[in-house]
Amino acid sequence: MNKQEILDKQKKYLWPNHLLYYTEPLPLDRGDGMYVWDVEGNKYLDFFGGILTTSVGHNHPKVTKRVQEQSAKLVHSSTLYPQENHVNLAEKIAEITPGDLQTSYFTASGTAADETAVLLAKVYTGQQEIIALRHGYSGRSSLGMSLTGQAGWRIGGTHIMGIKHAINPYCYRCPFKMSYPSCGIACAEDVEEVIKTTTSGRIAAFLAEPIQGVGGFVTPPPEYFKIVVDIIRHYGGLFICDEVQTGFGRTGDKWFGIEHWDVQPDIMTMAKGIANGFPLANTITTPEIAESTVGKGLTISTFGGNPISTAAALGTIEAMQENAPPSHVSDVGGYFRTRLEGLQEKYPLIGDVRGKGLMQGIEMVTDQKSKEPATDAVGAIFEQTRQRGLLIGKGGLYNNVLRIAPPLVATKAHVDEALEILDHAFASVQEMV
Ligand SMILES: Cc1ncc(COP(=O)(O)O)c(C=O)c1O
């Protein structure tokens, strides 16, 4: 099919609220490693990785081989029957997650993983109230949208009761108008005030992403999680760490983002990068917390632990360990960060560069002093980078943050290629504003 035929059918047969990137949407045809091609044969360097999902690059041979072999053997089983890939993957993940996180429940999306985590925390603690963070994102179900801390992502005004949103550690736009470190991490300390004033004083959990993904790669200061998690535990709650974007080496140096903050989650959720694009998610916890679900009611997941998705995940983790371990991500990510900071020195449009590893955000502002969000300029950068053959993402409450997160197999040469395009794009957009 040609481009127009695809776009016409998209318009006729898919809900009009599908969010599509670019003024003229971009139908993709195929991928190979760090690159994708559109249906007209144009090639793009993919620095968004299908929303931080194609961890080891498009069509990685190891993943493809495992998937092909498994699809010729058994495509589906459901969680009603034990299956080899399912248990092997659970074992593999238990080996790389921190602390005593050992027992998994696989589902098919990040939304379902977060739902499962909240359910588990409620069952274990016997409490109902949840603390989430402003600007956070947790998915598209009613609960997911309610946990999410952005009005724009709550379609239809859906809101489930019993969720309170604490102030997020957004140092660049500190809601208290303070500066780090003299602020004393006021946003973290304020969580106690939130519990005391807006809840019954007993909570089931605090759910947060180590680095807020959709929120625009907001990266908390080093002290943040320790302070908050101590408060949460004091009030009887569990810490649910949403690693849907930050998991599997994305932040460099460690397998999971939260390990940079040196706190131990009670429950961790993961999806996106787990299976290089195959639908799979996981909620992992300690044996003691998992045990609390026994005898409390029935639950199944038809697609949870699907044999093909788990085969893909086993291939993905193996490929990461061989070609793109966390040490590689921190090496290339460090180089990437330095190059982005170089861009920041050149272009006043860049207010902030933040993130970790191969998860780097550029917050764009019209004026460095007022920090007015440069949302239109982000749109212009988007069109320019597309024209020059580079795919990137965007986000943030004000939709003014470029989210740049290539597959973890990216090399410094790929970073150079991306930076050259970004440099040209910024030069032309900076001239226009
Ligand atoms: C941090 C986080 N949690 C949960 C989700 C929901 O995942 P999914 O879209 O797979 O349901 C997302 C999706 O972007 C996410 O970024």
Side-chain angles (χ1 to χ4, degrees), residues 48-49 51-53 110-111 113-114 117-118 130-140 144-154 163-176 180 185 187-188 190-191 194 205-225 227-229 232 239-248 250-252 254 256-261 263 265 268-273 333 337 351-364 371 373 378 392-405:
F48 198 37
I51 328 183
L52 293 77
T53 297
T111 302
D114 281 355
V118 168
I130 306 287
I131 309 292
L133 284 182
R134 296 183 195 182
H135 300 210
Y137 182 85
S138 301
R140 56 183 302 279
M145 286 192 286
S146 305
L147 291 164
T148 293
Q150 299 194 37
W153 289 102
R154 285 193 202 110
I163 299 166
K164 306 294 178 206
H165 291 88
I167 283 167
N168 64 333
Y170 194 176
C171 297
Y172 183 65
R173 294 181 188 276
C174 175
F176 294 118
Y180 175 81
I185 329 298
C187 55
D190 190 56
V191 171
V194 173
F206 165 66
L207 182 149
E209 306 154 71
I211 296 176
Q212 293 186 311
V214 175
F217 293 2
V218 169
T219 309
E223 304 86 345
Y224 178 78
F225 279 109
I227 298 171
V228 176
V229 171
I232 293 300
F239 173 32
I240 302 172
C241 183
D242 179 337
E243 295 268 3
V244 168
Q245 295 213 11
T246 49
F248 295 97
R250 169 62 57 190
T251 58
K254 319 272 185 195
F256 291 91
I258 196 63
E259 294 177 83
H260 293 280
W261 281 268
V263 289
M268 201 186 246
T269 62
M270 52 196 77
K272 292 196 189 291
R337 175 60 167 265
D352 194 26
V353 177
R354 57 176 177 256
K356 284 189 188 294
L358 286 171
M359 185 173 183
Q360 298 290 335
I362 296 179
E363 176 147 2
M364 291 177 59
K371 299 185 180 175
V378 165
I392 54 174
K394 58 182 165 175
L397 182 67
Y398 315 103
N399 207 18
N400 69 324
V401 182
L402 299 179
R403 293 197 289 154
I404 317 186

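All residue numbers refer to positions in the sequence shown, counting from 1.
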Considering non-hydrogen atoms only, spot the tightest contact between Tyr180 and Cys171 and give its length.
CB-SG, 4.4 Å

Shortest non-hydrogen pair, Arg250 vs Thr246, comes out as CB-O, 3.7 Å

Taking only residues two or more places apart in sequence, or in another chain, which ones meet His165 in a side chain to side chain donor-acceptor pair (under 3.5 Å)?
none

Look only at the side chain of Arg337 and the backbone of Gly355, and say whether a donor-acceptor pair between them is shorter than 3.5 Å.
yes

The ring-ring contact (aromatic ring centres under 6.0 Å, His included) partners of Phe217 (sequence neighbours excluded) come to none

Output the distance between atom CD1 (Ile392) and atom CD1 (Ile362), rounded to the nearest 0.5 Å.
7.5 Å

Can you name the residues that form a side chain to side chain donor-acceptor pair (under 3.5 Å) with Asn400, not counting sequence neighbours?
Glu363

Can any side-chain N or O of Arg154 pair as donor or acceptor with the backbone N or O of Thr148 at less than 3.5 Å?
yes

Looking only at non-hydrogen atoms, find the nearest pair between Met268 and Pro265 and report the distance.
CE-CG, 4.0 Å

Closest heavy-atom pair, Pro175 versus Ile167, reported as atoms and distance to 0.1 Å, is CG-CG2, 3.5 Å

ring-ring contact (aromatic ring centres under 6.0 Å, His included) involving Phe256 - partner list, sequence neighbours excluded
Phe248

With Arg134, which residues qualify under side chain to side chain donor-acceptor pair (under 3.5 Å), at least two apart?
none

Does the side chain of Val401 reach to within under 4.5 Å of the side chain of Arg354, using non-hydrogen atoms?
yes

Indicate yes or no: at least one non-hydrogen side-chain atom of Gln245 is less than 4.5 angstrom from one of Arg403.
yes

My understanding is that only residues two or more places apart in sequence, or in another chain, count here; which of them pass side chain to side chain donor-acceptor pair (under 3.5 Å) with Asp190?
none

Got a sec, which residues hit ring-ring contact (aromatic ring centres under 6.0 Å, His included) with Tyr224, two or more places apart in sequence or on another chain?
none

Close side-chain approach of Glu209 to Val218, heavy-atom, < 4.5 Å
no

Lys356: side-chain contact (heavy atoms from CB on, under 4.5 Å) partners, not counting sequence neighbours:
Ile211, Thr219, Thr251, His260, Trp261

Aromatic plane relationship, Phe225 with Phe206 - under 30° parallel, 30 to 60° tilted, over 60° perpendicular:
tilted

If every non-hydrogen atom of Pro220 is compared with every non-hydrogen atom of Pro210, which pair is closest and at what distance?
CD-O, 2.9 Å

Say you draw a straight line from OG1 of Thr53 to CZ of Phe48; how long is it, rounded to the nearest 0.5 Å?
8.5 Å

Spacing of CZ belonging to Arg140 relative to CG belonging to Asp114, to within rounding of 0.5 Å
14.0 Å

Go through the structure and list residues passing side-chain contact (heavy atoms from CB on, under 4.5 Å) with Ala166, not counting sequence neighbours.
Ile131, Leu133, Val191, Val194

What do the steps show when you test Leu147 against Ile130 for side chain to side chain contact (heavy atoms under 4.5 Å, CB included), and what is the final call?
CA-CA 8 Å; Leu147 291 164; Ile130 306 287; 3.8 Å; yes

Minimum heavy-atom distance Ile185-Glu223, with the two atoms named:
CD1-OE1, 3.5 Å

